[in-house]
Amino acid sequence: MKLSKEQCYEQLLLGKSVKSHGWLENIRQDALVRAQALNFPSDRHDDWRFTDLSALFQHGFRPIDSFARLALVDIEKYLIPEAIRLVFVDGCYSAELSELSKVGSAVTVSSLADRHGDPMLESSFGKYAPYQQDAFVALNTNFFEDGTWVHVVNEVTAPIHLLHVSTKREAASAIYPRCMVVMESSSRATLVEDYVGIDGAIYFSNAVTEIVLKEQAHMQHVRVQREDKNAFHIGHCSVEVGRDSTYISTSLSFGARTSRYTLHVRQNDEGAEIRLDGLALVAGRQIADTHTLIEHAAPRGKSIQLHKCIADGSAHGVFSGKIVVHEGASGTDSAQSSRNLLLSEKARIDTQPQLEIFNDDVSCKHGATIGQIDADALFFLKSRGLKEASARNLLTHAFAAEIIDKIPVPSLVESLGKTILERMTVVRT
Amino acid sequence: MINKDSKVLLEVKNLRAEVGGVQILKGVDLTIRTGEVHAIMGINGSGKSTFSKVLAGHPDYAVTGGTASFEGKDLFSLEPEERARAGLFLAFQYPVEIPGVSNSALLRLAYNTLQSERGLEELDPLEFEDLVQEKLKVVEMDPSFLGRSVNEGFSGGEKKRNEILQMAVLAPRLAILDETDSGLDIDALRIVANGVNSLLSPDNAVVMVTHYQRLLNYIVPDYVHVMDGGRIVRTGDKNLALELEARGYDWLRAAA
């Protein structure tokens, strides 16, 4: 049965209400009221005009009513051996698939459900992601089943891997991953958010993450969206970076029929450094949209951004990167670059770098390029004996590698390299 | 080394080719046997670089007439990668940079592709490492170049040495060096020339396409051909190159 946009939204509002206590229940209720008042964004909305959500609207997504049991072998290829691992299956924490033995005294990692009495959680949760304005964030804030609480107080050497697995069900399901991270002063950690689907399921993963970096905290945030090809993924991440802190993000979008990732980083205190790298690789009829917003609201901030998009088949890549330098943010140094590779005649990429500067005494640069596989490089590789397809794959892989190689987790870099090759092979045959 | 009994590698007859609708080659004839070193000289626009690109199968160039037979195979019926597998190698005048592909990965992929297409055994990374370390010595290259992206940030001389490294690894039957001497200082020229000389054998052959006689002091040709107006207008031995150096190309035109 195909639904209208309104019917799809109403169906989502009928989701299973999850009971909480105290402050969290208040936030859930508040979010539900907002979700009821809001709706899916209009395609006339400036932030959504390039992104066709119509494939999403056709499905009636139902809440998860029972929980699938997976074994470790089912998710083997996604595991990062050296990591602290929390696994969520269809939005629900799985203690038996998780691996917490490497958690030391530098970090608290747990499911949100276990930490409802934690005042640190209460003072931060829901304060950063805009559930008042954004329908997807509001839906998540009301309906999330469980989530992750990460509280870093010192240097954590093992990467923290949050693996969200979606399974195949009879009905299309809505899943709401949720994560709250607080990095205390001078703490360091690497966070890997990983969204995967198994068995070719149709589902809607609507994820929200909030991250707070206090003074001199240092975070490397890797986000991998490799959902199943029939899935839908809408993700939002709000980050607040404190004085002299460093936030380094690498976000990858490979999967899902339609996906959108919104990353909002706000520099509220002096001297923070922000580095955002992104890669979207889409083929077939996929749509991948990445929206980023960096707000420099305090002096001496630095931001560097490189976003790449590769589109094959009749896929559509969208990038919108806005950098706002607020009044008073003197000495801001910002550079943004959008580089794009079109692999077929029917593929399409829209890129919109935007700068809004309300201050003198700043240095801001941005640029965008869209190109095809370099004909000279292709001929060179063929002249060394490589077949056309193999040469094209190598060049595409190389274009992607510049982003993937920045990920500070070697085993993940290796497995993602394979993912790319698999995706490209599937596309070409 | 000229040996009239050795095998014909390449036989080009009355080759005509154009790029963008402009006729550049207007009937080139050339025969190359194993063990031979040829130099093709000529002024800019004479067609010598076009000739090398046409032989390698560059897609911008269209063959409009004539034939080229490579060890008995019709060269123009083969794709560029098939020509490589047949044993043809072009050292590029302007080597491309390929960010994100390491030199060692490219060399191994190319080597193993040729091996498997020829039904020979591929080498695993460790075995290949041994092979490539040997070949590095041919062009006096530092092993650190293997881990770097292909030609990215290389100097002009390093790029040309990298081309010869590829030649050393792939061991072609016929190597065409397209202005490999251009942009080289004297030390780099000597290294590249020593590398090429060490790769010469009675079973392979080299064609040097060059503007200047300088390279020929180091790699001594058996034949020197002069191209002009899309044809080979004069063929001689190494002394022809010296004469050209002394008297310029105009002398040849006036004589013709």
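Side chains are part of it too, since the values below use all heavy atoms of this structure and drop only hydrogens, waters and symmetry mates. Just so it is clear: chains get the letters A, B, ... in the order the sequence lines come, proteins before strands, and each one is counted from 1.
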Tell me if the centroids of the rings in A/Phe379 and B/Phe92 come within less than 6.0 Å of each other.
yes
Answer yes or no: is there a donor N or O on one side and an acceptor on the other, between the side chain of A/Arg384 and the main chain of B/Ala110, under 3.5 Å?
no
A/Gly385 to B/Thr113 - nearest heavy-atom pair and separation
O-CG2, 3.3 Å
Taking atom OG of A/Ser390 and atom CG of B/Leu109, what is their separation to the nearest 0.5 Å?
5.0 Å
OG of A/Ser383 to CD1 of B/Ile176: how many Å apart, nearest 0.5 Å?
10.5 Å
Report which part of B/Leu107 has an atom under 4.5 Å of a heavy atom belonging to chain A: side chain, backbone, both, or neither.
neither
Taking every heavy-atom pair that is under 4.5 Å apart, which of A/Leu386, A/Leu381, A/Asp376, A/Asp374 has the most such pairs with chain B?
A/Leu386
Scanning both residues in full, the closest heavy-atom pair of A/Ala401 with B/Gly100 reads CB-O, 4.4 Å
Are A/Lys387 and B/Glu82 ion-paired here, with the side-chain N under 4.0 Å from a carboxylate O?
no
Using a cut-off of under 4.5 Å on heavy-atom pairs, state which of B/Glu97, B/Glu79, B/Gln166 scores highest against chain A.
B/Gln166
With respect to chain A, which residue among B/Gly57, B/Ser102, B/Ser149, B/Pro59 yields the maximal number of heavy-atom pairs within a distance under 4.5 Å?
B/Gly57
Counting only heavy atoms from other residues, nucleotides and ligands, does the tally under 6.0 Å from CD of A/Glu414 exceed 12?
no
For A/Glu388, does the CD atom sit with more than 12 other heavy atoms under 6.0 Å from it, leaving out its own atoms?
yes
Given a strict heavy-atom distance threshold of 4.5 Å, which part of A/Leu378 is in contact with chain B: side chain, backbone, both, or neither?
neither
Stepwise, does the side chain to side chain contact (heavy atoms under 4.5 Å, CB included) test hold for B/Ile98 with A/Phe399?
CA-CA 9 Å; B/Ile98 310 185; A/Phe399 186 80; over 6 Å; no
Crowded around A/Lys406 NZ? As in, over 12 foreign heavy atoms under 6.0 Å?
yes
Quick check: are there more than 12 heavy atoms from other residues, nucleotides or ligands sitting under 6.0 Å from CZ of A/Arg285?
no
